[in-house]
Colleague: 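Next up is a structure, given as C-alpha cells.
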Amino acid sequence: MNARAVAPRTAAAVLVSVLFLIPLWWVVASSFRPRNTAFAYTSPFGWEALIPVGGDVSNYSALFNGYFLRAVGNSLFVAAVTVVLGLALSVFAAFALSVLRFRGRELVFGLVVLSFLIPFDAIAIPMSGQFRDWGLSNSYLGLILPGLANGFAIFVLRQFFLGIPRELLEAARIDGLGWGRILVQVYLPLCRPALVGAGLMLFLSQWQAYVWPLLIGTDSEHHLAPIALANLRRQLEVDFGQIFAGSVVLTLVPGLLLLAFQRHFTESLAATGIKD
Amino acid sequence: MSGPVSMSDTRTSTIPAGTSAGERRGRTRRAAGPARPKRIRSRQLATALLYLSPALLAIVFLRLAPAVSAVVASFQESGLTGGSGWAGLENYRFLFGDPGFVNTIVVTVLFNLVVNPATVVLSLGLALLLSQRLPAAGLWRALVFAPAAVPVAVSGVIWSVVYQPDGLANGLLTALGLPEQPFLTSAGQAPPSVMVTVLWVAVGYWMIFLIAGLQDIPRTYYEAAQIDGASAWQRFRYVTLPLLRRPLAFVLVANTVGNFLIFAPIQILTNGGPEGATNLIMYDIYQQAYRIGDVNLAQAEVVLLMLVMLVVVGVQFRLLGSKEGR
C-alpha cells in the first residue's frame with residue numbers, strides 16, 4: 001500500500017469506528033446522569049451528552065440495591081454452571097465422535113448437526129410447556145438444562161480433535177493409556193483454544209438468553225439479567241438512568257471476556273472448517 | 001483389568017497389521033497375533049456409548065424431541081375442553097388464509113433479504129479496510145467490534161432509548177441541521193430502524209471472522225498478481241474473493257439463521273408494529289402462543305420456520321460449499 005492511500009483510509013477507519021462507538025459511548029456517559037436528566041443534553045444536543053461532567057454514580061448504587069443485583073447473580077450462576085457441565089458433556093461426546101471408532105458414529109454425528117440446525121428459540125415455545133409440566137418453570141435447573149444441549153460446541157470440539165495427529169493417539173495407546181486418560185492427558189492440553197472457544201460460546205448463550213427465561217422463569221426470584229433490564233424499560237415510570245447503568249453492566253461482562261479470549265474464540269471457530 | 005466394557009481397558013491398541021515394530025513397546029506385551037477388529041470395535045462402542053450418552057440425552061430430550069412434538073402438535077387442534085384432536089393440514093390451511101400471517105411472511109422475508117446481504121457486505125468491507133496496516137488499526141477494529149459484546153436484548157433496550165423522540169438519534173439529527181424523525185412510530189421507518197439495531201451488533205462480530213480469513217491468504221498470491229499487472233479490483237475479484245469463500249459462506253449461513261430468529265429487539269422496540277410492519281415470524285409465534293393462546297397454530301408456524309431454515313442452510317451450503325476445488 002502506498003503512503004498516499006494511508007491517510008484517507010485511516011480517516012475512513014476513524015469515521016466508521018466513531019459511528020459504531022457513539023451509541024455505546026452515549027449509554028456509558030448517560031449512565032452517570034441521575035434519573036432522566038440525560039435527555040436534557042440530547043434535546044437539544046450538547047457535548048455534555050457524551051462527556052458526563054457533573055455526573056455521579058447514583059444510578060449504579062440504585063441498581064445494585066436488590067432486584068437487578070439478584071438477576072445479575074442469577075445470570076452469572078446459570079452461565080457458570082452451564083459452562084462447567086456443558087463443557088464436560090461436550091468434550092466427552094466430541095472425543096467419542098472424533099477419536100473412537102464404532103458403528104453408527106456417522107449417524108450420531110448427523111443427529112448432533114441436526115440439533116444445532118433446529119433453532120432453539122423456535123422450539124423453545126413447545127418445550128416451555130413441557131418444562132412447566134415437569135415443574136421446572138421456577139427453578140435454576142429449568143434455566144440451565146436447555147443450555148447444556150449445545151450441538152455446536154460438540155461440533156467445534158470435534159473438528160479440533162480431528163486435527164490432532166493420530167500418531168499421538170496410537171503412541172498413547174501403545175503406552176497403555178486408557179481412553180479417559182488419553183482424553184485428559186493428550187487431547188485436552190492440545191485443545192485449549194477450542195475449550196476456551198466452546199466455553200465462551202456456552203457462557204454467552206446463557207448470558208444473552210432472553211426468549212427461554214422469558215418463557216419459563218416466571219417469578220422475579222429467578223429472573224435473569226436481560227429480563228430484569230427489559231422489565232426496567234417496561235415500568236410505568238421508567239428510570240432511564242438505571243437502564244443506562246444496567247446496559248453498561250450487562251455489556252461489560254461479555255466485553256471483558258471477549259477482549260481476553262478473542263483470539264481463542266476465532267481460532268476455535270476457524271477449526272470448524274470455515275477456512276480453507 | 002475388567003471386562004470388555006471397561007473404559008480404561010488399554011491393551012487392545014489398534015496396531016495396523018503391518019506396522020514396523022521398532023520402538024512400539026506395547027506390541028510385545030500382548031502376543032499381537034491376528035488383529036481382532038470386531039472385538040476392538042465393540043469395546044470402543046461401549047466406551048463411546050458411555051461418553052456420548054449425557055450429550056445425546058440432552059440433545060434428544062432438549063432439541064430433537066421438542067421439534068418432533070412441534071410437528072405432531074401442528075397437525076392437531078385443541079378442543080374447548082382441553083383435549084386435542086387430529087386436524088390434518090387445517091392449521092396450515094388457516095395460516096395461509098390469514099392475512100396477518102401472510103403479512104408476517106412478507107415482512108420476515110423482506111427483512112432478511114435486506115439485512116443478510118447488508119451484513120455480509122458491510123462486514124467484508126470493514127474487514128478489508130481494517131485488516132490493512134493503518135495507524136492504530138487494532139484500536140479501530142476493537143471499536144467496531146465493541147457492540148458485538150452487547151447482549152441482543154440489551155441492544156434492543158439501548159436503541160429504544162436512542163430512538164426516543166428526545167433521544168440521541170434526533171439530538172444528532174438536529175445538531176446536523178436535519179429534521180427530527182419518528183423512527184419506531186412510523187411503519188416506513190420502523191423496519192430499517194430495527195435493521196440498524198441488528199447490524200450494529202452483527203457487523204463487527206462477523207468482521208472479526210473475515211479478518212481472520214483474510215490474514216490466512218498467503219501474501220505471495222498478491223505479490224504474484226501484482227507482478228502480473230492485476231489491478232486492485234482484479235486482485236480482490238480473483239484472489240481475495242475465491243480464497244475467502246468459506247468464511248463468507250459461514251458468515252452468510254450463520255447470520256441468516258440468527259436473523260430468522262430475531263425476537264428480543266422486536267419485543268422491546270416495536271411489539272411488531274406499527275401496523276405489523278415489523279411483525280417478524282418469531283414474534284408472531286410468541287404472540288400466537290401466549291397472547292392469542294392457540295398453541296397448535298404457533299406450532300405450525302414453528303414447523304414452517306424450521307423448514308425454511310433447513311432449506312436456507314441447505315441451499316447456501318450447496319451454493320457456496322460445493323464448488324470446492326481445493
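Letters A, B, ... mirror the listed sequences (proteins, then strands); counts begin at 1. The basis for the numbers below is simple: all heavy atoms, side chains too, and nothing from hydrogens, waters or symmetry mates.
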Colleague: Checking B:Val295 against chain A: side chain, backbone, both or neither under 4.5 Å from a heavy atom?
Modeller: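 Neither part.
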Colleague: Return the set of residues passing ring-ring contact (aromatic ring centres under 6.0 Å, His included) with B:Trp159 (not counting sequence neighbours), or none when no residue passes.
Modeller: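 Once residues adjacent in sequence are excluded, the partners of B:Trp159 under the ring-ring contact (aromatic ring centres under 6.0 Å, His included) criterion are B:Tyr163, B:Trp200.
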Colleague: Measuring heavy-atom distances to chain A, does B:Leu139 have an atom under 4.5 Å in its side chain, in its backbone, in both, or in neither?
Modeller: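 Answer is neither: B:Leu139 stays 4.5 Å or more from chain A.
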Colleague: Would you mind reporting whether B:Arg63 and A:Leu111 have side-chain heavy atoms less than 4.5 Å apart?
Modeller: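 A:Leu111 does not reach B:Arg63 side chain to side chain.
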Colleague: Tell me, out of B:Val251, B:Val162, B:Val303, who's got the most heavy-atom pairs with chain A below 4.5 Å.
Modeller: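 The candidate making the most pairs under 4.5 Å is B:Val162.
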Colleague: Inspect the surroundings of CZ in B:Phe61 and state if more than 12 heavy atoms from other residues, nucleotides or ligands are less than 6.0 Å away.
Modeller: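 For B:Phe61, atom CZ is not crowded (no more than 12 foreign heavy atoms under 6.0 Å).
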Colleague: Name the region of A:Arg105, side chain, backbone, both or neither, that has any atom closer than 4.5 Å to a heavy atom of chain B.
Modeller: neither
Colleague: At a heavy-atom separation under 4.5 Å, does B:Ser53 approach chain A through its side chain, its backbone, both, or neither?
Modeller: neither
Colleague: Less than 4.5 Å to any heavy atom of chain A: does that hold for the side chain of B:Leu305, its backbone, both, or neither?
Modeller: side chain
Colleague: A side-chain contact here means heavy atoms from C-beta on lying under 4.5 Å apart; do A:Phe102 and B:Thr47 qualify?
Modeller: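 Counting from C-beta outward, A:Phe102 and B:Thr47 never come under 4.5 Å.
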Colleague: Hey, what's the ring geometry for B:Tyr51 with A:Phe95, parallel, tilted or perpendicular (30° and 60° as the breaks)?
Modeller: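 Ring orientation, 0 to 90° scale: tilted.
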Colleague: Which atoms of B:Gln164 are under 4.5 Å from chain A, going by heavy atoms: the side chain, the backbone, both sets, or neither?
Modeller: side chain
Colleague: Would you mind checking which part of B:Ile211 comes under 4.5 Å of any heavy atom in chain A, side chain (CB onward), backbone (N, CA, C, O), both or neither?
Modeller: neither
Colleague: Please tell me if the side chains of A:Leu258 and B:Phe145 come closer than 4.5 Å, counting only heavy atoms from C-beta onward.
Modeller: yes
Colleague: B:Leu172 versus A:Ile22: any side-chain heavy-atom pair under 4.5 Å?
Modeller: yes
Colleague: Can you find a pair of side-chain heavy atoms, one from B:Gln299 and one from A:Pro126, that are under 4.5 Å apart?
Modeller: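 When only atoms from C-beta onward are counted, A:Pro126 and B:Gln299 do touch, with a gap below 4.5 Å.
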Colleague: Looking at CG of B:Leu57 and CG of A:Leu148, how far apart are the two atoms once the value is rounded to the nearest 0.5 Å?
Modeller: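 Those atoms lie 11.5 Å apart.
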Colleague: Looking only at atom types and distance, does a side-chain atom of B:Gln44 sit under 3.5 Å from a main-chain N or O of A:Leu100, one as donor and one as acceptor?
Modeller: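 Side chain of B:Gln44 to backbone of A:Leu100, a donor-acceptor pair under 3.5 Å: no, none is there.
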Colleague: Non-hydrogen atoms of chain A under 4.5 Å away: do they reach the side chain of B:Ile59, the backbone, both or neither?
Modeller: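 Contact with chain A is through both the backbone and side chain of B:Ile59.
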Colleague: I want to check something: taking the side chain as every heavy atom from C-beta on, are B:Val203 and A:Phe20 in contact at a cut-off of under 4.5 Å?
Modeller: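 Yes, at least one pair of side-chain atoms sits under 4.5 Å.
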Colleague: Which one of B:Leu56, B:Ile158, B:Leu130 has the most heavy-atom pairs closer than 4.5 Å to chain A?
Modeller: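 Option with the top pair count is B:Ile158.
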Colleague: Do you know which of B:Ser155, B:Gly156, B:Pro135, B:Ser69 has the most heavy-atom pairs with chain A at a distance under 4.5 angstrom?
Modeller: B:Pro135
Colleague: Could you look at A:Ile154 and say if it's the side chain, the backbone, both or neither that has a heavy atom under 4.5 Å from chain B?
Modeller: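 The side chain, not the backbone.
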Colleague: Between A:Ser205 and chain B, which part of the residue has a heavy atom less than 4.5 Å away: side chain, backbone, both or neither?
Modeller: neither
Colleague: Is there any residue in residues 256-266 of chain B with a non-hydrogen atom under 4.5 Å from a non-hydrogen atom of chain A, and which ones are they?
Modeller: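 Those residues of residues 256-266 of chain B which have a heavy atom under 4.5 Å from chain A are B:Leu261, B:Phe263, B:Ala264.
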Colleague: Roughly how far, to the nearest 0.5 Å, is the CG atom of B:Leu62 from the CE atom of A:Met127?
Modeller: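 So the gap between those two atoms works out to 5.0 Å.
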Colleague: Rounded to the nearest 0.5 Å, what separation is found between the CZ atom of A:Arg234 and the CD1 atom of B:Ile268?
Modeller: 6.5 Å
Colleague: Heavy-atom pairs under 4.5 Å with chain B are the metric here; pick the option from A:Phe116, A:Phe240, A:Phe131 that has the most.
Modeller: A:Phe240
Colleague: Can you name the closest pair of heavy atoms from B:Val157 and A:Ser247 and give their distance?
Modeller: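 Taking every non-hydrogen atom into account, CG1-OG, 4.2 Å.
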Colleague: Which heavy atom of A:Gln208 sits nearest a heavy atom of B:Val152, and at what distance?
Modeller: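 Closest approach of A:Gln208 to B:Val152: OE1-CG2, 3.1 Å.
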Colleague: Are any of the side-chain heavy atoms of A:Leu15 and B:Trp140 separated by less than 4.5 Å?
Modeller: no
Colleague: What is the minimum heavy-atom distance between A:Ile123 and B:Ala67, and which atoms define it?
Modeller: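 Scanning both residues, the minimum pair turns out to be CG2-CA, 3.9 Å.
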Colleague: If you look at every heavy atom in A:Val6 and B:Leu134, which pair is closest and at what distance?
Modeller: O-CD2, 4.2 Å
Colleague: Non-hydrogen atoms of chain A under 4.5 Å away: do they reach the side chain of B:Ala73, the backbone, both or neither?
Modeller: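 Neither the backbone nor the side chain of B:Ala73 comes within 4.5 Å of chain A.
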Colleague: Quick one: closest heavy-atom pair of A:Ile125 and B:Ala289, and the distance?
Modeller: CG2-CB, 3.7 Å
Colleague: Among the options A:Gly246, A:Ser115, A:Pro254, A:Gly255, pick out the one with the most heavy-atom pairs lying under 4.5 Å from chain B.
Modeller: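 Counting heavy-atom pairs under 4.5 Å, the top option is A:Ser115.
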Colleague: For the residue pair A:Leu24 and B:Ala146, what are the closest heavy atoms and their distance?
Modeller: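 Looking at all heavy atoms of both residues, the shortest contact is CD2-CB, 4.0 Å.
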Colleague: Does a side-chain heavy-atom distance below 4.5 Å link B:Val161 with A:Arg233?
Modeller: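 Side-chain contact under 4.5 Å: yes.
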Colleague: Counting heavy-atom pairs under 4.5 Å with chain B, which one of A:Ala230, A:Ala13, A:Pro226, A:Ala12 comes out on top?
Modeller: A:Ala13
Colleague: A:Leu229, A:Val238, A:Val18, A:Val99: which one forms the most heavy-atom pairs within less than 4.5 Å of chain B?
Modeller: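 The option with the most such pairs is A:Leu229.
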Colleague: Side chain, backbone, both or neither: which part of B:Leu310 has a non-hydrogen atom closer than 4.5 Å to chain A?
Modeller: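 B:Leu310 touches chain A through side-chain heavy atoms alone.
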